[in-house]
Amino acid sequence: MSELDSKTPIYSIGVVQEKTGLTGRQIRYYEDSGLIKPARTKGNQRIYSPNDIKKLEEIKDMLEKGLNIAGIKEKLASAAAKKTKEAKRVKKSYDGRPLRRFNPGKGGLTSLYPVSNRAQLLEILDKKESKKDKE
DNA sequence: CTTCTTACA
DNA sequence: TGTAAGGA
């Protein structure tokens, strides 16, 4: 049973073993290799996030494809670089633009997005959804 | 009972 | 990778 109750699910190494099919030995070894960095409880127990599960399953796949730890590190690194690049692209598209009222006067809704009209806002929100959907 | 680290096979 | 040991 977990000591902390946050909104984000967390797993013990035992649960991770069941969910990934990997042995505890492998999970800890991949951590030593720098592939994952699970948090720890005050009692030094490992705490795995959904993101860690995802990474471990990717690692499992690649291992079954015959890749070594080094190769997986590269793959994971390029994936992280791609994410950073995309984040910069999105940020750049927003930076410098003035934030405007979204439908001011009608309910007082305020948009946090620097867009000038509803169509543009919906387009942005639609793109964000598509990203989550491909999970 | 589960998980942790260290260390040997 | 598996597993034993010894502690939390």
Inset, instruction - Return the stems involving DNA chain C, sorted by first number, where pairs are Watson-Crick (N1-N3 with N6-O4 or O6-N4) or G-U wobble (N1-O2 and O6-N3), both under 3.5 Å, and runs are 3 or more long. - result: B:4-9 with C:1-6
From [atom1] ([X]) to [atom2] ([Y]), nearest 0.5 Å:
{"X": "A:Ile27", "Y": "A:Ile36", "atom1": "CD1", "atom2": "CD1", "result": "7.0 Å"}
{"X": "A:Ile69", "Y": "A:Tyr30", "atom1": "CD1", "atom2": "OH", "result": "5.5 Å"}
{"X": "A:Lys55", "Y": "A:Ile59", "atom1": "NZ", "atom2": "CD1", "result": "7.5 Å"}

Legend entry - Residue-level proximity of residues 26-34 of chain A to DNA chain C when a heavy atom falls under 4.0 Å: A:Gln26, A:Tyr30
Legend entry - Residues touching DNA chain C, which here means a heavy atom under 4.0 Å, drawn from residues 12-24 of chain A: A:Thr23
Inset, instruction - Check for a donor-acceptor pair, side chain of A:Ser49 on one end and backbone N or O of A:Asn51 on the other, with a separation under 3.5 Å. - result: yes
Legend entry - A:Val90 side chain reached by A:Glu86 side chain, heavy atoms, under 4.5 Å: yes
Legend entry - side-chain contact (heavy atoms from CB on, under 4.5 Å) between A:Glu64 and A:Lys60, worked out: CA-CA 6 Å; A:Glu64 291 173 345; A:Lys60 185 187 174 189; 3.5 Å; yes
Let me have the donor-acceptor pairs involving side chains of residues 10-25 of chain A, under 3.5 Å, with sequence neighbours excluded, atom names and distances please.
residue: A:Ser12; atom: OG; partner: A:Gly14; partner atom: N; Å: 3.4
residue: A:Ser12; atom: OG; partner: A:Val15; partner atom: N; Å: 3.3
residue: A:Gln17; atom: OE1; partner: A:Gly24; partner atom: N; Å: 3.2
residue: A:Thr20; atom: OG1; partner: A:Val16; partner atom: O; Å: 2.7
residue: A:Thr20; atom: OG1; partner: A:Leu22; partner atom: N; Å: 3.2
residue: A:Thr23; atom: OG1; partner: A:Gln26; partner atom: N; Å: 3.1
residue: A:Thr23; atom: OG1; partner: A:Gln26; partner atom: OE1; Å: 3.4

Legend entry - Charged N-O contact under 4.0 Å between A:Lys73 and A:Glu58: no
Legend entry - Rounded distance (Å) that lies between atom C1' of C:dT1 and atom CG of A:Leu63: 11 Å
Inset, instruction - Using whole Å, report how far CD1 of A:Ile10 lies from P of B:dT3. - result: 13 Å
Would you tabulate the pairs of protein nitrogen or oxygen atoms and nucleotide nitrogen or oxygen atoms of nucleotides 3-8 of chain C closer than 3.5 angstrom?
residue: C:dT3; atom: O4; partner: A:Arg25; partner atom: NE; Å: 3.3

Legend entry - A:Pro9 versus A:Pro50, closest heavy-atom pair with distance: O-CD, 3.2 Å
Inset, instruction - Identify, with sequence neighbours excluded, every residue that meets salt bridge (charged side-chain N to carboxylate O under 4.0 Å, His left out) alongside A:Lys91. - result: A:Asp95
